[in-house]
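Okay, structure first, notes after.
Heads up: numbering here begins at 1 and tracks the sequence.
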Amino acid sequence: MPKLQRLAYALSAIFTVSALPSVAYAQSAPPKQRAPRVEDKDAVTIVKAEDLSGRPEREVNLERNAEIVRDKTKVNADTACYRQVENEVEAKSNVKIWRFGDYFTGDELKLNMDTGKGYMLNPTYKLEANHAQGKAERLDFINEDEAVVVNGTYSTCQGFDPDWYLKSDTLNLDSGRDIGTAGKTLIYFKDVPILGTPAMSFSLSGARRSGWLSPTPGFGSKNGAELVVPYYVNIAPNRDLTLYPKVIANRGIQFGALGRYLGETDGGFYRGETYLEFMPHDREYAQANPNDKADRWMVRSSHTQDLTKQWDFSWNFNAASDDNYPNDFSKNVTSSTDRQLLRELRTDYHGDFWTLTARVQKYQVLQDPESVVDSSLFVSRPYDRLPAINFSAAQYDVLGGFDWAFNAELTRFYHPTLINGTRLVAIPQLSYPIIGPSYFITPKVMLNAATYQLDAYAGTDAQNLSRAVPTFSLDSGLVFERDIKWGGKSMTQTLEPRLFYVNTPYRDQSKFPTFDTDAATFNFSQIFSENRFVGSDRIGDANQLTAALTSRFLDANGAEALRLAFGQRFYFRDQRVQLDQSTPVGDSRSDILLAATGRISDTWMFDSAVQYNQGERRVVSESYTAQWIPGPKKVLNLGYRYLRDNFKNIELSSQWPIFQRWYGVGRISYSLQGKKILESLAGLEYNADCWVFRTGAQRFVTTSTKASTQIFFQLELNGLSHLGLGSPLEAMKASIPGYQRLNEGYGR
């Protein structure tokens with residue numbers, strides 16, 4: 001067949017999938033784990049037929065409805081001959097054989113029951129492990145696990161007319177090693193050849209194995225056409241490596257690799273993975289940056305390991321060659337906006353009630369290219385910790401009911417453009433919880449002591465600073481319960497009022513730098529903390545009371561079906577400590593917090609939170625999310641998020657059956673404030689049991705003014721491979737919470 005004709009066949013087959021009839025018959029079932037093949041070599045051979053003849057203990061001829069059974073092997077035929085010395089069977093006409101759940105039919109059979117060696121003419125076969133089937137001119141049994149199909153077919157579809165199948169001159173099916181190996185092969189879809197190959201191999205059960213994965217072409221508005229030809233290396237059951245050579249039309253050749261591993265030593269468990277990308281010469285980048293070498297790369301690596309039961313260490317390393325790397329190569333919103341790349345090496349040593357941690361941290365900051373003209377897009381560089389040593393200890397219910405804790409941290413902070421220094425912080429605390437069946441009262445005292453050794457900076461000499469700030473807090477609450485009926489179900493409703501008082505005297509901290517401190521996000525977890533700042537450089541002065549009310553609805557098993565919460569903080573004096581030397585805050589009360597979350601039925605889940613400013617009579621922030629899952633492959637997600645003077649976004653995503661075997665998938669994230677789409681995905685899926693077709697497009701922002709669009713379509717042949725453009729399955733799983741794969745049990 002000429003090359004152009006073969007290409008036309010392949011393209012027409014893929015593009016005409018969407019026009020196929022929506023009615024299809026069930027043709028496949030997910031593969032199952034094959035039980036080990038154990039045969040009793042001493043088992044008795046039983047022969048049956050309407051007419052038996054031959055020589056005793058030598059040869060038995062069976063006529064009409066012949067049947068020969070030995071342990072896990074059974075043969076039926078019109079006529080057969082069983083040679084007892086050789087333990088060999090010859091059968092003709094309407095031959096049927098069952099071996100370990102696999103089923104074969106044919107015109108003629110010769111099989112040695114001891115070795116499993118033999119042949120079959122004009123066979124058909126069905127394999128138990130992956131429900132595969134096929135037919136051939138001849139089937140050679142090499143042993144009880146291995147068979148060679150000569151001039152035959154293979155498909156995981158069921159029925160007499162499979163939707164897809166491969167036709168090969170030789171096909172080796174090795175159940176013992178879980179490998180299918182084919183010689184010269186053509187893959188047919190709807191009886192149209194869509195792919196030819198001189199050789200191929202695949203897993204019979206869908207398990208991992210080394211070999212070339214399906215080439216994945218792609219197309220995006222930013223980089224043009226792409227082609228990835230991955231190679232998977234199954235190093236060991238707990239180690240693998242995937243190589244990703246990629247051709248990008250507008251840029252050049254990119255090399256990628258992902259290595260994963262996990263295991264156990266005498267000290268304990270370890271696991272990790274490393275992903276690398278490297279492009280020797282990016283043509284498009286070189287044109288825009290003629291003075292740059294244009295070698296571009298990215299690396300992500302993580303590792304955790306237990307050295308002993310008390311000692312472990314880990315690393316987390318991320319780096320990229322240039323600021324534009326996320327914009328040019330990201331495949332989703334998350335990676336395109338990840339611009340603070342952490343590099344950390346850490347070790348922890350644990351005692352019975354204490355932990356000692358040492359770590360070093362550095363950051364690489366990738367600036368948004370638009371930050372040159374829009375300063376609001378500038379990403380500040382966090383301080384490096386070189387190093388940070390932390391000690392924490394705690395014991396509960398000691399000396400008659402006291403709880404105590406102690407935290408200390410010694411950190412060397414470095415920044416290339418800001419003041420540097422060393423900080424030592426020690427925080428002892430003591431509390432005495434009083435807990436009853438329906439109440440609790442917990443008084444606590446703590447001290448935040450810190451000393452700073454600051455380097456000379458901007459004309460100022462090196463200096464030492466110190467401070468000690470005590471804090472007293474009193475946490476208290478009640479729990480009331482009652483039995484109710486809700487939706488016909490017996491439930492328990494609780495009413496839980498809570499008061500939390502904090503008193504921290506004012507200490508002037510305006511001369512202290514802010515190495516790692518910022519104002520805490522105002523939410524339900526923060527209003528029950530002693531400090532309104534995150535970090536140790538600022539200890540907020542406080543004379544305040546937090547009042548909250550929570551009501552929970554618990555089912556008979558104690559699971560929470562619904563939670564309603566209300567909270568507000570009241571200030572009895574001005575808040576003088578600020579991040580900078582700004583005016584003290586004189587509010588008498590905080591914003592009101594409202595929250596509701598729960599699973600109101602087996603199919604509906606929701607979560608909501610509102611922050612409301614009474615003085616200005618307007619909402620500061622709010623978020624609402626709801627998820628409806630009425631059945632398999634049916635999910636609808638709705639979301640709304642708002643932060644005053646920052647963003648106002650709505651989100652909608654869904655996977656839903658449209659008609660019969662067609663499913664629609666989609667997601668849209670829209671900025672009401674900016675009046676633009678932040679992320680969108682639209683696609684279709686068709687499930688024909690033994691194959692799945694997916695198509696669609698995705699668009700997401702990469703910078704404040706630029707976006708990337710990708711199109712994809714994919715034909716997945718269950719148990720064999722997938723063909724198409726892009727990676728729609730990965731995009732759908734990442735974009736739609738609750739998304740379910742149509743062909744569960746297949747694929748890597």
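Note that CZ of Arg576 and CZ of Arg507 are 11.0 Å apart. Values are rounded to the nearest 0.5 Å. Note that the CG atom of Asp312 and the CZ atom of Phe269 stand 13.5 Å from one another [nearest 0.5 Å].
The backbone N or O of Ala520 sits nowhere less than 3.5 Å from a side-chain atom of Asp518 that would complete a donor-acceptor pair. Listed for the Ser431 side chain is no donor-acceptor partner under 3.5 Å among the backbone atoms of Pro433.
Leu430 places a side-chain heavy atom less than 4.5 Å from the side chain of Phe402. With a 4.5 Å cut-off on side-chain heavy atoms, Arg667 and Glu651 count as touching. Between Arg271 and Gln305, the closest side-chain pair of non-hydrogen atoms is not below 4.5 Å.
Checking Gln364 against Arg343 by side-chain atom types alone, a donor-acceptor pair falls below 3.5 Å.
For Tyr325, the ring-ring contact (aromatic ring centres under 6.0 Å, His included) partners are Phe329, not counting sequence neighbours. Shown here are the side-chain hydrogen bond (donor to acceptor under 3.5 Å, both in side chains) partners of Asp266, two or more places apart in sequence or in another chain: there are none. Every residue two or more places apart in sequence or in another chain was checked for a ring-ring contact (aromatic ring centres under 6.0 Å, His included) with Phe572, and none qualifies. For Thr597, the side-chain hydrogen bond (donor to acceptor under 3.5 Å, both in side chains) partners two or more places apart in sequence, or in a different chain, are Asp607. The side-chain hydrogen bond (donor to acceptor under 3.5 Å, both in side chains) test applied to Asn238 returns no partner, not counting sequence neighbours. Residues that satisfy the ring-ring contact (aromatic ring centres under 6.0 Å, His included) test with Phe512, not counting sequence neighbours, are Tyr452.
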Report the C-alpha separation of His303 and Phe313 in whole Å, then their side-chain angles, then the decisive distance to 0.1 Å, and conclude whether the ring-ring contact (aromatic ring centres under 6.0 Å, His included) test is met. CA-CA 8 Å; His303 175 89; Phe313 85 97; 5.4 Å; yes

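No close placement of the His415 and Phe515 rings is indicated, their centers lying 6.0 Å or farther apart.
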